Amino acid sequence: MHNLFKSISVRKAQGSQFIPDLAAAIPVGFRGKPLISEAPCASGCTACQTACPSQAIALAPVQIDLGRCVLCGDCESLCPSEKFSFNNDFKLASTSRAALTLSAAQPNIDPVKVCAALRKRFGRSLKLRSVSAGGCNGCEMEINAWGNVNFDLGRYGIDLVASPRHADGLVLSGPISRNMVSALQTCWDSMPEPKLVIAVGACAISGGVFADCDAIDRRFLETFKPSLYVPGCPTHPLTFIAGIMGLLGISS
Amino acid sequence: MNAPLLSCQVSELEHSALPEFAAACAQRLDAGERLLTLFGRRDENDSGAIVVTAVFQPAGGSLTVLRASALAGEHYPALTASHPSAQIYERELWEQTGLTPDGHPWLKPVRFEGERQQRMADYPFFQVRGQEVHEVGVGPIHAGVIEPGHFRFMCLGEKVHHLEIQLGYQHRGAEALLLRRPPLTLAASVESVCGDSAVAYAWGYCSAVEALSDTAITFETEVLRGIALEMERIAMHLATLNGLATDIAFVQGTGTYGRLRTAMINASQRVCGNRFGRGWLRPGRARGITEALRQDLIKTLAATATDVAGINDLMRAALSVKARFNGTGVVSRKTAQDLGLTGLVARASNVAVDARGLLPGRLYAQRPIDSLTEATGDCWARMVLRMREIDVSIAWLLAILSEAELDLSADHFNSAVLCAPLRPQALCVSLIEGARGPVVQVLETGDRGQLLHYKLQDPSLANWFGLAMAVRDNPISDFPICNKSFDLSYCGNDL
């Protein structure tokens, strides 16, 4: 009986935690979308490229590839011309790899457009199998958060499942370590058609900070193009949620 | 000295031949010193030679380094034969350099790197034979969203006779990567080695390159790093408690610990922009905490303390929890010592190892933090120790955040730090007690101050074998809770 009262007290403290409107959520302090100003670069300066851990920055004109960017903010700290800043915009996902490149002239990522075919098949039920292939447990912990008491993605019929046989989509995190190549392929082959790939995090999209490592093999993604690229390091749950809701045309 | 570390010139170290080195290591192990790490690298001047480094931690003393110059392909008598705590280091040494410890009882690759990549299937697992004997293999991909690893259970009926753990699936080549970029711009890369311990890794990296570049940092910077680390510890312990509750279907624990962890990582994000503390620590600096943020953190931590107490109380009192965790997955104190287990897992088996107390450095010398142990070494002990460590961390944070005379608002950013050259021919060992245990990083510079070697070592490396011991003679159905109670890192092991 004593435990029952304790349980009620814990339940009361828990309150209501789910975020009613996920699209309108504000992740306070989140270092999200990079902004690139029109300020001219100091002559011959490459400070941002030296600082960048994942070769995400191109010069003349200055561009940031969000598929590589780990949102570390080191370019912001080191640029003498204050060209870089970041805001808490989490809507960073895209269906196009090329569209992830931002510059002063192209400051925004186009909102993810509804895919009619995917909406028809998976708009009310999408079961996903997560595979970490060299992930650092950052993206994996954030993927786990999709279904927690705050984000509660299950409310839209989007769930992570244990068996690839039950899955409609593969959620790939990590740069694809060579030692995971075979298991990743087996998992993919075990998933019934039709199926899609979602690349979560800078590592999965581009190799991230590990792009130059000897022990990764990214050929899987040459054969199976992701339907959705979800940037971040790790990917903020809201970034994935906004992307998948856009792709499937789910309104909150 | 700033963070706990050892920094010296390579010329100060005596280089012995491999057999004498092994004998000297055995002597120290006989004397009860802990082997913190043992590893090798190719000699930069002589392709036929291997430089071997061992770091020992004597009880109550400072770190000691032993070095050897070995010939490529050389054999030596294995330390593991008489000192099992060396087993994983000798396996790694053999895998990475080809030096062979003769008489090692289990010379299996640690992570199937280099030429052994993708050859995991070739390796013969242990086998048991007999009536009622069967094997169960799970992984590398598991049912939940976790990192990959393979577990091969050899069972007698429902009882686990032995578990063989095979890792390496996460191997990315992180150590080699860190030699390719300017040494003072590696923070974001180091944070990605083991992303759930980003702060512990970043702190160890920062303190090492600061020591090697003679960069002084303020006490306030050190305090900010300590705050980041304890917040990481609280968040990770809450994540493990969440997992433990989930694995025994203690649903209220799942929901509550999950919510409390969210509050903690969101607080980190408000300070540094990232829920995992990425970007908080950089060489020479740490992001500051403004007065508004300080009040915010105090409020968040105080609320967390109250709610954690409530759910801990409930979980500890529940018969269903006691029934599953008490006496399950026991690692005796002797086993923990013999195997050189470390960090929280060792402390739960009554081995008092906590770098924050044993090698306090400037921060913990001035602001000590309690180091705790549990006696029973079972899943229950590992659960309760996490609960108690959360309480200690919150109390420490609240005390330090309430010190009016500490001004934590400044960032002390100085871009000149990033151009500072590293001292040539120097060796630096840094040690940070992360949520799982000591994160060890050993950096060595060459004659131009370039990085010659970057050794990374997660506490999980030593502790995985402890999990194999814990599940022996337990029902196989208790493996998930044993595994979760250890909560080890795959990528930290695989690098």
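So that the names make sense, note that chain A is the first sequence line, chain B the second, and so on, each numbered from 1. All values reported here derive from a predicted model rather than from experimental measurement.
In this structure, a donor-acceptor pair under 3.5 Å is present between the side chains of A/Arg178 and B/Gln117.
In this structure, no portion of B/Val271 lies under 4.5 Å from any heavy atom of chain A. Only the side chain of B/Gln252 comes within contact range of chain A, judged by heavy atoms closer than 4.5 Å. Heavy atoms of A/Phe18 lying under 4.5 Å from chain B are absent altogether. Only the side chain of A/Gln17 comes within less than 4.5 Å of a heavy atom of chain B; its backbone N, CA, C and O stay farther away. With a threshold of 4.5 angstrom between heavy atoms, B/Phe276 approaches chain A through side-chain atoms but not through N, CA, C or O. For A/Ser182, no part sits under 4.5 Å from any heavy atom of chain B, backbone or side chain. With a threshold of 4.5 angstrom between heavy atoms, A/Ala13 approaches chain B through its backbone and through its side chain. For a residue to count as touching a neighbouring chain, one of its non-hydrogen atoms must lie under 4.5 Å from one of that chain's; by this rule A/Ser77 touches chain B with backbone and side chain alike. Contacts of A/Ser173 with chain B are absent, with no heavy-atom separation under 4.5 Å from either backbone or side chain. Looking at A/Val28, the atoms closer than 4.5 Å to chain B (heavy atoms on both sides) sit in the backbone and in the side chain alike. For A/Ala51, the part lying near chain B is the backbone, with the side chain staying farther off; criterion is any non-hydrogen pair under 4.5 Å. In this structure, chain A has no heavy atom under 4.5 Å from any part of B/Arg316. Interface remark: A/Pro164 contributes no atoms to any contact with chain B (heavy atom separation under 4.5 Å). The parts of B/Asp313 that come within reach of chain A are both its backbone and its side chain, each placing non-hydrogen atoms under 4.5 angstrom from that chain. Both the backbone and the side chain of A/Asp212 come within contact range of chain B, each with at least one heavy atom under 4.5 Å from a heavy atom of that chain. B/Met236 touches chain A through its side chain: at least one heavy atom from C-beta onward sits under 4.5 Å away, while N, CA, C and O do not. Contacts between A/Val171 and chain B at a heavy-atom distance below 4.5 Å are absent for every atom of the residue. Contact annotation for A/Arg129: only side-chain heavy atoms (C-beta onward) come within less than 4.5 Å of a heavy atom of chain B. Contacts between A/Ala47 and chain B at a heavy-atom distance below 4.5 Å are absent for every atom of the residue.
Among A/Leu78, A/Val161, A/Ile176, the residue making the largest number of heavy-atom pairs under 4.5 Å with chain B is A/Leu78. Annotation: maximal heavy-atom pairing with chain B below 4.5 Å, among A/Pro53, A/Cys187, A/Cys203, A/Cys72, occurs at A/Pro53. Most heavy-atom pairs under 4.5 Å with chain A: of the set B/Asp494, B/Asp411, B/Leu260, B/Leu314, this distinction falls to B/Leu314. Of the listed residues (A/Gly32, A/Cys52, A/Pro80), the greatest number of heavy-atom pairs within a distance under 4.5 Å of chain B belongs to A/Cys52. The most heavy-atom pairs under 4.5 Å with chain B, out of A/Gly134, A/Gly29, A/Pro234, A/Ala162, come from A/Gly134. Interface summary for chain A: among B/His142, B/Gln118, B/Arg116, the most heavy-atom pairs under 4.5 angstrom belong to B/Gln118. Contact count versus chain A (heavy atoms, under 4.5 Å) is highest, among B/Arg261, B/Glu113, B/Gln170, B/Glu147, for B/Gln170. Across B/Gly139, B/Gly114, B/Gly168, B/Gly258, the residue that shares the most heavy-atom pairs under 4.5 angstrom with chain A is B/Gly168. When the candidates B/Arg172, B/Arg270, B/Arg180, B/Glu191 are compared by the number of heavy-atom contacts under 4.5 Å with chain A, B/Arg172 comes out ahead. Between chain B and the options A/Gly135, A/Pro27, A/Ala133, heavy-atom pairs under 4.5 Å are most frequent for A/Gly135. The greatest number of non-hydrogen atom pairs below 4.5 Å with chain A, out of B/Met120, B/Arg282, B/Arg275, B/His171, is found for B/Arg275.
B/Leu179 CG: more than 12 foreign heavy atoms inside a 6.0 Å radius.
One finds the CZ atom of B/Arg278 at 3.5 Å from the SG atom of A/Cys233 (value rounded to the nearest 0.5 Å). Atom CG of B/Leu177 sits about 9.0 Å away from atom CG of A/Asp214, to the nearest 0.5 Å. Rounded to the nearest 0.5 angstrom, A/Leu71 CG and B/Asn274 CG are separated by 8.0 Å. Considering OG of A/Ser132 and OH of B/Tyr490, their distance stands at 10.5 Å, rounded to 0.5 Å. In this structure, the separation between OH on B/Tyr201 and SG on A/Cys136 is 10.5 Å, given to the nearest 0.5 Å. Going from atom CE of A/Met180 over to atom CD1 of B/Ile141 covers 4.0 Å, rounded to the nearest 0.5 Å.
For the pair A/Glu140 and B/Ile146, the minimum side-chain heavy-atom distance is 4.5 Å or more. No side-chain heavy atom of A/Gln55 sits less than 4.5 Å from a side-chain heavy atom of B/Arg181.
When all heavy atoms are compared, the tightest approach of B/Gly173 to A/Cys213 is O-SG, 3.7 Å. Here the closest heavy-atom approach between residue B/Pro182 and residue A/Thr50 is recorded as CG-CG2, 4.2 Å. Across B/Val145 and A/Asn144, no two heavy atoms sit closer than the pair O-ND2, 2.9 Å. Scanning both residues, B/Ala174 and A/Phe210, for their nearest heavy atoms gives CB-CE2, 4.3 Å.
For A/Asp74 (side chain) and B/Thr185 (main-chain N/O), no donor-acceptor pair under 3.5 Å exists by modelled atom type. Without hydrogens or angle criteria, A/Asn137 side chain to B/Asp196 main chain gives no donor-acceptor distance under 3.5 Å. Looking only at distances, a side-chain donor or acceptor of A/Arg31 sits under 3.5 Å from a matching main-chain atom of B/Cys272.
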